[in-house]
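The model shown is predicted, which means the values in this text are computed figures rather than measured ones.
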Amino acid sequence: MRRGPSILGIILVIWLVIGAIAAGQRGYYKGDDTNCAEAGTILVTIVAGPLNYIGANPKVDCDLPEPSK
C-alpha cells in the first residue's frame with residue numbers, strides 16, 4: 001500500500017518550479033502581447049528546469065501561416 005506522493009512526483013514538481021523561476025528571472029512573463037514563439041520559449045524554459053542554470057537557453061521559433069484574404 002502506497003501513501004502520499006511519490007518521490008518522483010515531488011522531484012517533477014520541484015523541477016518545473018525551478019524552470020518557472022528561471023523564466024521569470026529572464027523576464028519572459030512581462031509584456032501583454034504574447035505570440036507563438038514567446039509562449040513556446042516560456043514552455044520549454046519551464047520544462048528545462050534546472051538545466052537553465054547550467055547553460056541551457058532554449059528558444060522556440062515558430063511561423064504560423066497567415067490567413068487568406
Side-chain angles (χ1 to χ4, degrees):
M1 206 183 313
R2 207 161 106 179
R3 288 182 264 166
S6 70
I7 189 73
L8 189 59
I10 293 170
I11 291 172
L12 178 63
V13 169
I14 292 170
W15 182 279
L16 295 174
V17 167
I18 291 171
I21 292 169
Q25 289 174 337
R26 292 180 179 172
Y28 292 161
Y29 300 131
K30 295 178 184 174
D32 298 329
D33 187 29
T34 303
N35 58 32
C36 172
E38 290 175 6
T41 299
I42 291 170
L43 182 63
V44 296
T45 301
I46 292 172
V47 171
L51 299 177
N52 289 293
Y53 294 103
I54 60 170
N57 190 12
K59 300 275 185 189
V60 173
D61 183 33
C62 56
D63 296 316
L64 297 175
E66 295 294 322
S68 59
K69 293 182 180 183

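Within the 3.5 Å criterion, the main-chain N or O of Thr45 finds a donor-acceptor partner in the side chain of Asn52. Within the 3.5 Å criterion, the main-chain N or O of Lys59 finds no donor-acceptor partner in the side chain of Thr41. A distance-only check finds a donor-acceptor pair linking the side chain of Tyr29 to the backbone of Ala20 [under 3.5 Å].
Take Glu38 and apply the side chain to side chain donor-acceptor pair (under 3.5 Å) test, not counting sequence neighbours, and it matches no residue. The side-chain contact (heavy atoms from CB on, under 4.5 Å) test applied to Pro50 returns Trp15, Ile18, not counting sequence neighbours.
Residues Leu12 and Ile46 share a single hydrophobic cluster, defined by chaining ILVMFWY side chains whose heavy atoms lie under 4.5 Å apart. No continuous path of hydrophobic side-chain contacts links Val44 to Ile54 [ILVMFWY only; heavy atoms under 4.5 Å]. Under the 4.5 Å side-chain contact rule for hydrophobic residues, Ile42 and Leu16 share a cluster. In the hydrophobic clustering of this structure, Ile10 groups with Ile21; members are Ile, Leu, Val, Met, Phe, Trp, Tyr whose side-chain heavy atoms approach within less than 4.5 Å, directly or through other members. By the criterion of side-chain heavy atoms lying less than 4.5 angstrom apart, applied directly or through intervening Ile, Leu, Val, Met, Phe, Trp or Tyr residues, Tyr53 is grouped together with Val17 in one hydrophobic cluster.
Scanning both residues, Arg26 and Pro58, for their nearest heavy atoms gives NH1-CD, 4.0 Å.
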